[in-house]
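Notes for the one structure printed next.
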Amino acid sequence: MKIRYIFGCLMLISFSMHLTMEFLIAFCETSSLYWYHSKTRELNPDSEILVLGDSQIISGITPEMISGWEKITLSQIQYAPRPSEQPEGILDEYLFYISKLSKVKKIYVNISPISLSKNTVTDAHKQLFTSFGVLRSEHITNEYLRKSYFANGYDFFWKLTIQIFPFFALNPNFSKLAQTGFEKNLLEARKLENQIIKTKISEDGGSWVWRDKGNFPVLAEDSKQLENSTTVFLNQRNQSQKIWKDCFRLWKEKGITVVLLRLPFSPQMEADIVKTKSNLPLERFLESEGLSYFDLREDGFEDSKFFADFTHLNQTGRSVLLNKLGIRLFDKASPTPKSM
């Protein structure tokens, strides 16, 4: 009787948490909001193109842009990038969508020094998956996903705990809020961002100039990138390379065309990358795999006005990309993708 009572109480607590999660999620930070709401993305069963990648794609490329380039309807595009995405997340999303979409014949995806190295984004991705990712059988059966997300029994136990009691997913977000004393302006800003992201995912698949709350963000020309901060990209993560190789293998086996993009960072960040030579591991990796890709770093993005921050294009930059990439994709007279 006592055990049944305890079990009933736990189930009631779990039900209450799931019921109120929608209200509390509104006070989370940007990436958490995006991951939470991305689970509500509409599935387009007629999709011929699958879009994967991180927030550089979210901020720089829209379904409408791809629709114009490819001369297809929006219903033929499945838009599925997520912030802080890593190769394991790209593999995870691909396996999910390819099991639902039988007509996919082309994938748009971005790659950068961030997605090959061990850095803070790697840790952020795992935390976002643990907190807001959907648990699927592939996370156990696929060797790469299992090693990435459940390196030990505790990781799996914690993921199950959050699935049952989702308030635990909010701990990192609310700990940071507590440090500010739950400052009113910050709470209001997060509520606004929550509504924007929710709307963008519902109406635009999730494409959104990063952290644009209607204020048209522009990176100031005198903004300073922390010197040598990109040296962290030299810290290579072998698991990332293995997963990227597996993705390329799967796509080749399926006969899927891959539009591989090296999207630009801000001039300040790209200058630091040149200084630290932290793009070299990526170039060597792509060369070793014999992969062609579109390197857009020098396609007229040498001005801060095209960026919302150090890593994301803004609306002006997006408009430049619309023309530049469109020409390179389909104009036979234009330069071919960079091939190592």
Side-chain angles (χ1 to χ4, degrees), residues 34 38 41-42 44 47-83 85 90 104-112 114-115 196-197 199-219 221 257-270 292-338:
Y34 198 101
S38 68
R41 272 191 177 119
E42 183 179 347
N44 294 330
S47 294
E48 296 182 3
I49 291 177
L50 176 60
V51 186
L52 301 170
D54 59 23
S55 54
Q56 276 197 291
I57 289 271
I58 293 169
S59 197
I61 295 179
T62 70
E64 287 78 7
M65 290 165 67
I66 295 174
S67 174
W69 292 332
E70 301 280 353
K71 302 295 187 281
I72 60 175
T73 65
L74 292 175
S75 64
Q76 293 173 290
I77 300 169
Q78 186 66 52
Y79 192 82
R82 300 180 299 189
E85 193 66 283
I90 289 170
V104 171
K105 57 185 180 182
K106 183 179 286 189
I107 288 176
Y108 279 72
V109 64
N110 71 307
I111 191 169
S112 76
I114 295 175
S115 61
I196 291 172
I197 291 173
T199 301
K200 288 292 182 180
I201 288 176
S202 172
E203 298 179 357
D204 302 318
S207 62
W208 174 50
V209 172
W210 196 243
R211 289 182 173 154
D212 183 2
K213 303 182 186 72
N215 57 338
F216 196 88
V218 178
L219 179 66
E221 192 171 347
T257 301
V258 180
V259 179
L260 188 61
L261 306 170
R262 167 59 166 96
L263 295 173
F265 295 120
S266 66
Q268 296 92 325
M269 188 168 176
E270 291 291 358
S292 296
Y293 67 105
F294 292 92
D295 190 342
L296 295 151
R297 289 175 295 167
E298 298 177 0
D299 270 26
F301 296 99
E302 297 87 3
D303 197 309
S304 297
K305 69 181 181 182
F306 299 125
F307 294 85
D309 55 26
F310 287 121
T311 55
H312 301 100
L313 291 168
N314 59 20
Q315 186 61 54
T316 304
R318 183 186 277 182
S319 298
V320 174
L321 185 67
L322 171 65
N323 295 321
K324 297 288 186 180
L325 184 54
I327 290 172
R328 293 183 63 181
L329 281 170
F330 300 107
D331 187 343
K332 293 181 180 178
S334 70
T336 57
K338 188 169 183 179

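- Residue pairs satisfying the salt bridge (charged side-chain N to carboxylate O under 4.0 Å, His left out) criterion with at least one member in residues 66-75, sequence neighbours excluded, are listed as follows: E70-K106.
- Partners of W210 under the ring-ring contact (aromatic ring centres under 6.0 Å, His included) rule, at least two apart in sequence or in another chain, are W208, H312.
- Take S202 and apply the side chain to side chain contact (heavy atoms under 4.5 Å, CB included) test, not counting sequence neighbours, and it matches no residue.
- Taking the side chain to side chain contact (heavy atoms under 4.5 Å, CB included) definition, one finds that S47 meets it with N44, Q78, L101, sequence neighbours left out.
- Taking the side chain to side chain contact (heavy atoms under 4.5 Å, CB included) definition, one finds that T73 meets it with S75, Q76, sequence neighbours left out.
- Between the side chain of N110 and the main chain of S112, no donor-acceptor pair closer than 3.5 Å is present.
- Under the side chain to side chain donor-acceptor pair (under 3.5 Å) criterion, S304 pairs with Q268, sequence neighbours left out.
- Among residue pairs with one or both ends in residues 50-66, none qualify as salt bridge (charged side-chain N to carboxylate O under 4.0 Å, His left out); sequence neighbours excluded.
- Contacts of T316 classified as side chain to side chain contact (heavy atoms under 4.5 Å, CB included), with partners at least two apart in sequence or in another chain: F216, F306, N314.
- For residues 201-214, the set of pairs meeting the salt bridge (charged side-chain N to carboxylate O under 4.0 Å, His left out) definition, not counting sequence neighbours, comprises E193-K213, K200-D204.
- S67 contributes a side-chain N or O that, together with a main-chain N or O of I72, makes up a donor-acceptor pair within less than 3.5 Å.
- Qualifying salt bridge (Lys or Arg N to Asp or Glu O under 4.0 Å) partners for R262, counting only residues two or more places apart in sequence or in other chains: E270.
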